[in-house]
Amino acid sequence: MAVDPKKHEMPTQAPEVRAHNFSEVALGYTAEIAVEEAKRCLNCKNKPCVQGCPVNINIPDFISHIKNGDFEGAYTEITKSSSLPAVCGRVCPQETQCESKCTLGIRFEPVGIGRLERFVADYHNEHVKEQPIPPKSNGHRVAVVGSGPSGLTCAGDLAKKGYKVTVYEALHTAGGVLVYGIPEFRLPKAIVAKEVEALMALGVDIEPNVVIGKTLTIDELFEMGYEAVFIGSGAGLPNFMGIPGESLKGVYSANEFLTRSNLMKAYLDDPHTPIMKGGKVAVVGGGNVAMDAARTALRLGAEKVYIVYRRSMEEIPARKEEVEHAIEEGIDFQILRNPVEILGYNNPDDPRDPKNGFVTGMRCIKMELGEPDAKGRRRPIPIEGSEFVLDVDTVIMSIGTSPNPLIKNTTKGLDVNSHGGIIVSEDGLTSREAVYAGGDAVTGAATVISAMGAGKTAASAIDKYLMNK
Amino acid sequence: MYRIACKKVLNPTVTQMEIEAPLVAAKAKPGQFIILRVDADGERIPLTVAGCDPEKGTVKIIFQVVGATTECLNHKNEGEYIQDFVGPLGVATHTEGINKVCIVGGGVGCAIAMPVAQEFHRLGANVTSIIGFRNKDLVILEEEFRACSDKMVLMTDDGSYGRHGNVTVPLKELLEGGERYDAIITIGPLIMMKFVVKTAEPFGIPVTVSMNPIMIDGTGMCGGCRLTLNRNGEKITKFACVDGPDFNGYEVDFDEAMSRGRMYADFERHAYDEACNLFKKA
């Protein structure tokens, strides 16, 4: 039987429509498309896709269930390995993970594994109302710090094994970067809330408004009777470039801009938390967070949105699909450009002019690519005399984060590397007994799925440790 | 949800509340702050801790009604609940090695200055307090300051109570009269703190200022609370939520902080008017 060389297209909102709303961009496969796409899977013997998945979902098995129209069977198969299928089906970079290993992909487009995962999770959420039954308790208690992807995964895996898990969250809502960082149009918050509810049904307790390192320390968690702790506190403080003008009004970190819009719902019509809307916006950086910030700015009503990135389109680190979506929506990619100064309004005759101190533009310099650096990426070099001014009112810095110091500063014997990231062994163990860590707190800014992988690894190590204690 | 155990009106625009938050009450130290949300969907605002009772599990906050959120908070009554209350955040005020201290508070900033003065008093330091208000009606915490100070000066801008003038007047007199403090700690409007620093500078006395910029998460994630320090000719970015709120007053770029504080002035005014209208209708 001839295989369709192409993946089934993902139905999406038209770019000119979605650029003005916060509804989800990708609409998801129908059951018919899902079954057809599942039929493309060759069910090959060595299953390379499973190795490409950081949480090792048994991909060919769940796809086989879809082929047979047994969508709930597919869901059960996925949840053996993943606690957040509806999230991963949406935000994983499948093209560099499972799908990049797909045997079909050698000659044709790989199977749309991510799209199928999303279909299965959405089907389950829509059709299955009963919650899972919590397993029999094994009497052991574990504390998880942070309710982002690594923490939720770790908590879910341990709860399934009978552990009593409490997740401590610093913010008022569970989900970490899934709620404060990733925008509604890419990951609806209702989906995150559903995944959190499913974990709570398994017996996981979520304690919001507790900052570990401040409200409670790691040592106090042990005093309270927890036998192991997983730290999944996420990335930290935003980095800035150190150029003049970064403190002008209208300059945001991507974290702040996205938190205002997502967590604090500044995108709604009559928000309680303010955000600068409209005008011309420059987002500095080329990662997924930069794409999210740019597309959020567009939806908030910006007349023009630029991505300013110092390398070329070849090196851009964001997921391919996000870049494509951004281009379709009309984001202007200023590649091989780097900011050197942010310019602000200053009325010399009137120090009380309310416009004083607001951004009026960003001076940039053109770049060219030189020799590859240590990581093999070609180093961008400024072209002398090529400076120009980009006319913008808002600048969003999206150039990474540095680890949060709160836990490190209050936990004796917890070793961190020169960047401030927590040092862990292969199975997630830190320099402190019974303290494990994973996700961005260890690696610095990375992906949702790699954080989930780390949470999973640590959960299995915690289980081994407590069972042998 | 966090119960309002006690509510007390201190003056027409300033209210004191004790909130049941046992974990915060067990830890909070003078100089630290909390973040609260009044209702679901409300904004997160930082308020400095004005005291706590670990046994009762309550944290005292004192706030001035300046915008929509504080207006909503002020409409909550004893026994009612607020949505979120998290802390203690930030670094506590340093007290080590300070045996003689001058506390300079302005307006509602006195609510934050008071527990700092009390802490120094408890530790046995010699405490001078200079507190300033716009007028007599706005005076708060006079007795509390008197009780923990070896010397206290109360100023009003219009001379309707205490001495006439702003807080830098008596500070300058004391310094010129030969008083030497190990530290001056000032908490109040940015413009006041800026001039306290200017007044102290010729005498070479260390000045700690308490910064209260716009914040969202308050835990070192968003970077909205950043401020610039000028240290040895170099500009450094610091985050008030994790590095502060106390900073070396000689290093802080006050003009920038004042400008950033006004970023949402239009939005805030509009939101405040809306909130006021809402309560008028109700």
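Chain letters run A, B, ... following the sequence lines, proteins first, then strands; residues in each count from 1.
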Query - Polar contact flag, side-chain donor to acceptor under 3.5 angstrom, B:T58-B:D53 - result: no
Query raised in the report: For the side chain of B:R226 and the backbone of B:T237, is there at least one donor-acceptor N/O pair under 3.5 Å apart?
Result: no
**Report entry** Segment of A:L258 engaging chain B (4.5 angstrom heavy-atom cut-off)
**Finding:** neither
Report task. Please look at A:L268 and chain B and tell me whether the side chain, the backbone, both or neither of the residue comes under 4.5 angstrom of a heavy atom of that chain. Result -> neither
Report task. Give, as side chain, backbone, both or neither, the part of A:K214 having an atom under 4.5 angstrom from any heavy atom of chain B. Result -> both
Report summary line: Whatever's closer than 4.5 Å to a heavy atom in chain A on B:F85 counts as backbone
Report summary line: Of B:A28, B:A21, B:A265, B:G90, the largest count of non-hydrogen pairs under 4.5 angstrom with chain A goes to B:G90
Report task. Any chance you could measure A:I407, atom CD1, to A:I422, atom CD1, to the nearest 0.5 Å? Result -> 6.0 Å
Report task. Give, as side chain, backbone, both or neither, the part of A:L237 having an atom under 4.5 angstrom from any heavy atom of chain B. Result -> both
**Report entry** Side chains of A:K249 and B:S259, donor plus acceptor under 3.5 Å
**Finding:** yes
Query raised in the report: Is the backbone N or O of B:T219 less than 3.5 Å from a side-chain atom of A:N404, with the two atoms forming a donor-acceptor pair by type?
Result: yes
**Report entry** Pick from A:L248, A:T273, A:V210 with the largest number of heavy-atom pairs that fall under 4.5 Å of chain B
**Finding:** A:T273
Report task. Give, as side chain, backbone, both or neither, the part of A:D270 having an atom under 4.5 angstrom from any heavy atom of chain B. Result -> side chain
**Report entry** Presence of salt bridge, B:D255 and B:K194, under 4.0 angstrom
**Finding:** yes
Report task. Could you tell me whether the side chains of A:E169 and A:S147 share a donor-acceptor contact shorter than 3.5 Å? Result -> yes
**Report entry** Largest heavy-atom contact set with chain A, pairs under 4.5 Å, which of B:R260, B:M221, B:K27
**Finding:** B:M221
Query raised in the report: Between the side chains of A:S253 and A:N255, is a donor N or O closer than 3.5 angstrom to an acceptor N or O?
Result: no
Query raised in the report: Under a 4.5 Å heavy-atom cutoff, which of B:L227, B:L23, B:I216, B:L89 has the most pairs with chain A?
Result: B:I216
Query raised in the report: Of the backbone (N, CA, C, O) and the side chain (C-beta and beyond), which part of B:I214 lies under 4.5 Å from a heavy atom of chain A, both, or neither?
Result: side chain
Report summary line: residues 59-82 of chain B vs chain A, non-hydrogen distance cutoff under 4.5 Å, contacting residues -> none
Query raised in the report: Do we see a donor-acceptor contact under 3.5 Å between the side chains of A:H272 and B:R37?
Result: no
Query raised in the report: Which one, B:A40, B:C241, B:G224, B:G218, leads in non-hydrogen pairs under 4.5 Å with chain A?
Result: B:G224
Requested in this report: Give the member of A:P405, A:G242, A:P238, A:A266 that has the highest number of heavy-atom pairs under 4.5 Å with chain B.
Outcome: A:P238
Query raised in the report: With no hydrogens and no angle check, do the side chains of B:T208 and B:D246 hold a donor and an acceptor under 3.5 Å apart?
Result: no
Query raised in the report: What residue, out of B:M263, B:E256, B:E268, has the most heavy-atom pairs lying under 4.5 Å from chain A?
Result: B:M263
Query raised in the report: If every non-hydrogen atom of B:T93 is compared with every non-hydrogen atom of B:G31, which pair is closest and at what distance?
Result: OG1-CA, 3.4 Å
Query raised in the report: By a 4.5 Å heavy-atom criterion (distance strictly below it), what part of A:E220 contacts chain B: side chain, backbone, both, or neither?
Result: side chain
Query raised in the report: Taking the six-membered ring of A:F358 as reference, does the NZ or CZ atom of A:K355 fall below 6.0 Å from its centre and within a 45° cone about the axis?
Result: no
Query raised in the report: Which bit of A:F257 is near chain B, if near means a heavy-atom gap under 4.5 Å: side chain, backbone, both or neither?
Result: neither
Query raised in the report: Will you find, in the side chains of B:T168 and B:N166, an N or O donor that is under 3.5 Å from an N or O acceptor?
Result: yes
Query raised in the report: A:P274, A:G234, A:P208, A:A170: which one forms the most heavy-atom pairs within less than 4.5 Å of chain B?
Result: A:P274
Query raised in the report: With a 3.5 Å cut-off and no angle check, do the side chains of A:N209 and B:D84 form a donor-acceptor pair?
Result: yes
Report summary line: Okay, A:T259 and chain B: the region with an atom under 4.5 Å from a heavy atom over there is side chain
Query raised in the report: Can the positive tip of A:R141 be found less than 6.0 Å from the middle of the six-membered ring of A:Y226, inside 45° of the ring normal?
Result: yes
